[in-house]
Every structure is written in C-alpha cells, then in structure tokens.
Amino acid sequence: MADQIDQKPEIFELNNGSMQVKITNYGATITSLSLPDKNGKQADVVLGFDSVEPYVKGVAPYFGAIVGRVANRIKDGKFTLDGAEYALPINQPPNSLHGGFKGFDRMIWQVAEYKKGENPSITFKYHSRDGEEGYPGEVSVTATYTLTSSTTMRLDMEAVPENKPTPISLAQHTYWNLAGHNSGNILDNSIQIWGSHITPVDQNTVPTGKIMPVKGTPFDFTTEKKIGVSIHEVPGSGYDHNYVLDFGEEKSGLKHAAKLKDPSSSRVLNLWTDAPGMQFYTANYVNGVVGKGGAVYGKHSGVCLETQGFPNAINQPNFPSVVVRPGEKYKNTMLFEFSIE
C-alpha cells in the first residue's frame with residue numbers, strides 16, 4: 001500500500017508516431033488523444049485539462065477517468081448482498097453515482113508497467129480497501145491502455161475481489177469530440193449504436209427495470225443518425241441512457257458497440273467491447289468548464305460512450321449481475337478504432 005501513497009499525480013504519454021495519448025495515474029484518466037484528420041491535421045479529440053491540478057481539484061465532471069467501484073447510478077445509494085445491507089454515499093441525490101464522493105476516478109493508481117516502442121502501453125493498479133465508499137471487501141484493480149496499431153487503442157480493465165463478494169462495474173468516462181476538443185458541440189456528429197433496446201429511466205435517471213425497444217423513439221440509432229436530430233424529444237436535457245448491446249458483428253471476441261463520425265474532419269471512432277451495456281451521454285450537464293488551452297466546454301461539447309454493466313443492476317434481479325465473488329475475475333475490454341471516412 002505504501003507505494004500507492006508515495007506516488008504523486010503525473011502525466012504519461014503513449015506515442016506510436018501517428019497517435020499520441022496522454023494518461024495520468026490520477027484516476028487512470030485519459031487527458032489527451034491526438035490523431036490526424038482527412039488532411040493529416042492533428043487535433044486533440046478528448047475534453048480535459050493541460051495539467052493534473054484541475055482533475056485533483058475535482059473540476060472535471062469525470063473527464064477521461066475510469067469510474068468505479070460501480071459505474072453509474074445505484075438507486076438511493078443502497079443494496080443488499082447475501083442478506084447484508086450496504087449504504088453508500090449519496091453524492092448525486094438521491095443516488096450514489098460512479099463509486100461515491102471518492103471513487104476510483106479520485107484515486108492515485110500505481111504505475112505497474114510502462115512500455116514504449118511500436119505498441120506502447122501503460123498498466124495501472126489500484127487496491128480498493130474493504131468499506132471504501134461503503135462497498136464490501138478488498139478489490140485489486142488493473143487497467144492497461146495499449147496502442148495496438150497506428151490508429152487503435154485498447155483498454156483492458158480487470159478487478160479481483162480478495163475476500164468478500166462485491167458489486168463491480170467499471171467504466172471509461174472520456175468525453176469525445178472528434179472535430180477537436182475545442183470545436184463546440186457534437187450535435188452534427190452522427191452515431192450508430194449496436195443496441196436495439198435501452199433501459200428506460202425514472203425522473204432520477206435510474207433504470208425502471210424495463211427493457212424498451214428503441215424502434216420508433218428518439219433513442220433509435222440502429223442506423224447512422226445525427227445526434228442532434230431528435231435530442232430535443234428526449235426528456236431532460238439530452239441523452240444519458242444505457243443501451244442494451246446486441247450480439248452482432250465481432251472483432252477479437254468483442255462486439256461492435258458504436259460508430260461515431262464527425263463530418264468536418266471525417267474522423268471516425270468505432271468502439272468494440274465485451275460489456276453488456278453502454279451509456280450514451282451527450283454532456284448535458286457540462287456548463288462553462290474551462291479546459292485545455294482556455295477552451296470553454298459547454299453543453300453537448302462531447303460524447304461519452306461508457307461500456308458498462310447496467311446501471312443499478314445490483315438492485316434489479318432481471319439485469320445481468322454485477323456481483324463478483326472471490327475466485328472470480330471482473331473484465332471489461334474496450335477497443336477504440338479510429339479511421340477517416
């Protein structure tokens with residue numbers, strides 16, 4: 001544990017000549033990802049800050065971080081597991097969100113391995129203690145970012161409960177803007193989501209337990225569609241919904257989750273995952289955050305594609321279970337494939 005305390009927040013770079021990614025050990029957070037557009041012009045396509053200080057101060061609404069122990073919302077911050085009741089911090093009343101007041105995004109992770117070269121990678125480890133933010137049992141967490149090709153990044157997240165069963169569901173919370181982090185809103189971006197159902201939510205953005213077909217609703221992105229086309233029809237201020245991912249096209253054992261496309265730069269992001277769900281979030285609550293180079297990030301200034309277990313699954317018996325028991329291993333792999341189209 002000592003090494004976890006001794007380490008200070010700093011920024012590391014993965015660079016393979018065509019793609020440059022900056023990641024900090026504070027929250028295992030992506031702070032920058034630069035890649036060329038159709039004319040070869042580089043731009044940084046993730047929202048964030050120039051230094052680690054704003055992340056440490058909590059200025060970011062989870063920009064670029066890995067969130068846990070349980071991503072997304074747990075209703076009323078309560079759950080029962082094996083007959084024992086647990087109460088979590090209510091950090092987004094009336095719910096517990098993204099692990100509580102001091103989730104994995106607010107922790108310094110240990111750098112376990114850092115490799116340069118053609119396929120550079122960095123592995124972060126974090127040891128979550130028993131009772132941390134109300135969750136039972138100790139958990140060892142690992143996150144490895146690898147540039148697997150000139151235009152592809154892979155993230156492997158793993159977690160092992162050491163002595164007690166516990167809910168575990170991690171998510172990568174990067175806000176993407178493929179035109180460039182400082183280019184305004186993403187409403188003219190188009191997206192296709194390989195999910196023909198969502199988990200509809202109540203007035204506090206917690207799933208009701210139902211599984212709803214998207215056909216004929218503003219949530220239908222089964223074919224490519226501009227994000228802004230139906231966003232005004234969504235209750236609230238935009239998309240913030242979990243999609244039930246379909247089993248369709250596969251790559252390296254991962255299913256196609258989404259394809260995001262920016263018309264101005266022609267940059268495309270194809271996302272592949274082995275998680276059952278994906279939160280599609282359109283930065284509805286980002287309001288005048290001052291980021292890199294003085295850029296001001298407003299509402300809808302980015303898109304989050306957070307592959308995850310279903311929100312509040314711990315309290316919904318019909319959702320895929322997020323409980324992991326000692327002797328089992330939690331895994332969530334994401335493949336971010338960039339191209340020009």
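Note that the numbering runs from 1 along the sequence shown for the chain.
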* **Step-by-step side-chain contact (heavy atoms from CB on, under 4.5 Å) determination, F124 to T142** => CA-CA 6 Å; F124 298 102; T142 309; over 6 Å; no
* **Residue pairs passing the ring pair (Phe, Tyr, Trp, His ring centres under 6.0 Å) test where at least one lies in residues 11-44, sequence neighbours excluded** => F12-Y114
* So does N287 have more than 12 non-hydrogen atoms from other groups sitting under 6.0 Å from CG? -> no
* If only atom types and distance count, is the side chain of N95 paired as donor or acceptor with the main-chain N or O of N204 below 3.5 Å? -> yes
* **Exam field: side chain R267 to backbone L178, donor-acceptor pair closer than 3.5 Å** => yes
N-O pairing of [X] and [Y] below 4.0 Å:
X    : Y    : answer
R69  : E132 : no
E133 : R106 : no
D82  : R325 : yes

* Structure fact -> Rounding to 0.5 Å, atoms CG (L170) and CZ (F104) come to a distance of 6.0 Å
* To do: Would you mind telling me which of E337, K251, E249 makes a side chain to side chain donor-acceptor pair (under 3.5 Å) with H256?
  => E249
* Which pairs, with at least one residue in residues 38-49 and sequence neighbours excluded, count as a side-chain hydrogen bond (donor to acceptor under 3.5 Å, both in side chains)? -> S32-D44, D44-K292
* To do: Give the ring-plane orientation class for Y297 versus H181, where under 30° counts as parallel, over 60° as perpendicular and anything between as tilted.
  => perpendicular
* Heavy-atom side-chain proximity of P311 to Q279 below 4.5 angstrom -> yes
* **Transitive ILVMFWY cluster of L97, excluding itself - 4.5 Å side-chain cut-off** => Y62, V67
* **Qualifying residue, where the test is ring pair (Phe, Tyr, Trp, His ring centres under 6.0 Å) with H241 and the options are Y281, F219, F310, F280** => F219
